[in-house]
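Working notes, structure below.
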Amino acid sequence: MSTGTRFTYDALPGRILFGEGLAGTVLADELDRLGCRRVLAFAGEGERDIADRLLPPLGERVVGVFDGVRMHVPAEVAEAATARARELEVDGLLCIGGGSTTGTAKIVARETGLPILAVPTTYAGSEVTPVWGLTTAARKETGRDLRVLPRTVVYDPQLTWSLPSALAVASGLNAMAHSVEALWTEAANPVTTSLAIESVRALATGLRAIAADEGDRDARTALTYGAYLAGSCFAVAGSGLHHKICHALGGAFDLPHAETHATVLPHVLAFNAPTLGPVAQRLAEALGCDDAAVGLSHLAREVGAPQRLADVGMRPDDLDEAVDVIAAKLPIHNPRPVDRGDIASILAAALHGTETC
Ligand code: NAD
């Protein structure tokens, strides 16, 4: 830190409770704090068992359960959920699940202004961001609105024990992408950087431990904590070059989301690392290595994530089109100016994997 240090930090409100087994004991009190007497709960199919354990003790306060959750919040799902909330005249929303379930409740909150109590069951981090997403006619739109930010979040790592290890790894690596990108976005600041570094430390520890032993409960706690911090820094710092590349690739070539993040991130980091100064060293240390980009790539290999875009469905022949799609988004804010040639180099390195990563 130097005498010239200046920054703006738009802190977000929100009450966070963290602890194993907490969801089974605090939900009624937390709904009371929010003044919620008639609640619509949200839980997708894969989260139904968890909801079946958590909802009965809340009794008649839960007047309905919306279980029509689908990935990327299709408009018809959002409309059905909003209609249900209005019809039941609820005064609060309780979402129990991953990013898709939270995302559905968020759209209802955007339309109605109702408060959300979120109980996450994956490492997506959406529960601490004011970002909503909605898919209409196969096009996903996103935006920021403080009304969608959950008022209270109950993090209970126990709820992630049932997440299969492949999903846990994918979800944890997504969280990692939020944290690493938060180091260089336009709104990044020393506070979000500290959150991001601590998040990377917790996520790397958790990811390595579940790769070694799927049943490691401390690992699930570390991942839950890391995911909370990752969501928090992403919520303030926003996204940048890495997310723009991954979204463009996902949209143009229908590549799998988490695997695309895992293969591209080390190469965007290698490109940006020279501009990060001492933060690059802090990141490397959090990853337990000497060079952050190499360390990130090795971590992905250790946890069984793919190493190359070529392994997740991108063909060498697609490279030129991919460069065109991303170059169409230039200029992209980045600490190191980025042009079409840089995008081509990053993609070529990610396509085949390189010795440097
Ligand atoms: P998800 O919510 O789609 O869940 C993946 C699958 O896991 C689902 O089938 C779900 O039912 C199941 N599942 C969830 N918890 C489980 C558990 N504990 N045990 C067993 N199965 C479980 O996936 P996700 O990765 O949590 O979220 C991804 C979505 O969230 C994407 O649409 C992404 O765009 C969005 N997202 C939004 C933000 C934001 O700030 N708005 C941030 C991160 C992610």
Side-chain angles (χ1 to χ4, degrees), residues 12 14 20 23 42-54 65-74 77-78 95-107 109-110 116 118-135 139-150 153-179 181-182 199 203 210 214-215 217 220-221 223-224 226-239 243 246-247 250-251 256-262:
L12 290 164
E20 204 176 295
F42 295 73
E45 277 215 16
E47 299 130 2
R48 191 68 212 209
D49 285 354
I50 297 173
D52 283 346
R53 288 202 305 274
L54 298 182
V65 180
F66 183 84
D67 60 6
V69 170
R70 286 191 6 234
M71 254 177 81
H72 305 306
V73 196
V77 170
C95 55
I96 300 172
S100 301
T101 299
T102 311
T104 308
K106 280 178 158 182
I107 291 293
R110 192 191 67 162
I116 301 178
V119 185
T121 65
T122 69
Y123 311 121
S126 173
E127 64 283 346
V128 284
T129 85
V131 178
W132 53 264
L134 182 64
T135 304
R139 282 201 52 199
K140 187 163 180 177
E141 187 195 354
T142 59
R144 286 176 78 90
D145 188 331
L146 267 184
R147 280 178 306 175
V148 313
L149 180 68
V153 182
V154 175
Y155 282 105
D156 180 346
Q158 209 175 85
L159 304 183
T160 75
W161 289 356
S162 56
L163 201 58
S165 64
L167 264 180
V169 164
S171 195
L173 285 172
N174 261 330
M176 182 75 87
H178 287 153
S179 302
E181 178 123 289
S199 159
L203 291 170
I210 50 164
E214 173 171 13
R217 292 174 175 179
R220 304 268 171 167
T221 300
L223 284 168
T224 307
Y228 158 47
L229 299 182
S232 304
C233 56
F234 171 65
V236 174
S239 66
H243 280 82
C246 290
H247 288 168
H257 184 76
E259 289 80 355
T260 306
H261 275 289

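One-based numbering, in listed order, for ligands and for the atoms of each. Everything quoted here is computed from the prediction, not taken from an experiment.
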- Item | Residue pair Q158 / R220, side-chain heavy-atom distance below 4.5 Å | no

- Query: L134 and V73: which non-hydrogen atoms are nearest, and at how many Å?
  - Reply: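 Minimum heavy-atom separation between L134 and V73: CD1-O, 3.4 Å.
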
- Electrostatic pair R48:D52 at N-O distance under 4.0 angstrom: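 Yes, charged N to carboxylate O under 4.0 Å.
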
- Contact residues of ligand 1 with a heavy-atom cut-off of under 4.0 Å?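 Under the 4.0 Å cut-off, ligand 1 touches G46, E47, I50, M71, H72, G98, G99, S100, K106, T121, T122, A124, S126, T129, V131, K140, L159, S162, L163, L167, H178, F234.
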
- Which class fits the ring pair H261 and H247: parallel under 30°, tilted 30 to 60°, perpendicular over 60°?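 Answer is perpendicular, since the angle exceeds 60°.
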
- Query: Is the F42 ring parallel, tilted or perpendicular to the F66 ring (thresholds 30°, 60°)?
  - Reply: tilted

- Does any donor atom in the side chain of S126 or T102 lie under 3.5 Å from an acceptor atom in the other side chain?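 No donor-acceptor contact under 3.5 Å links the two side chains.
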
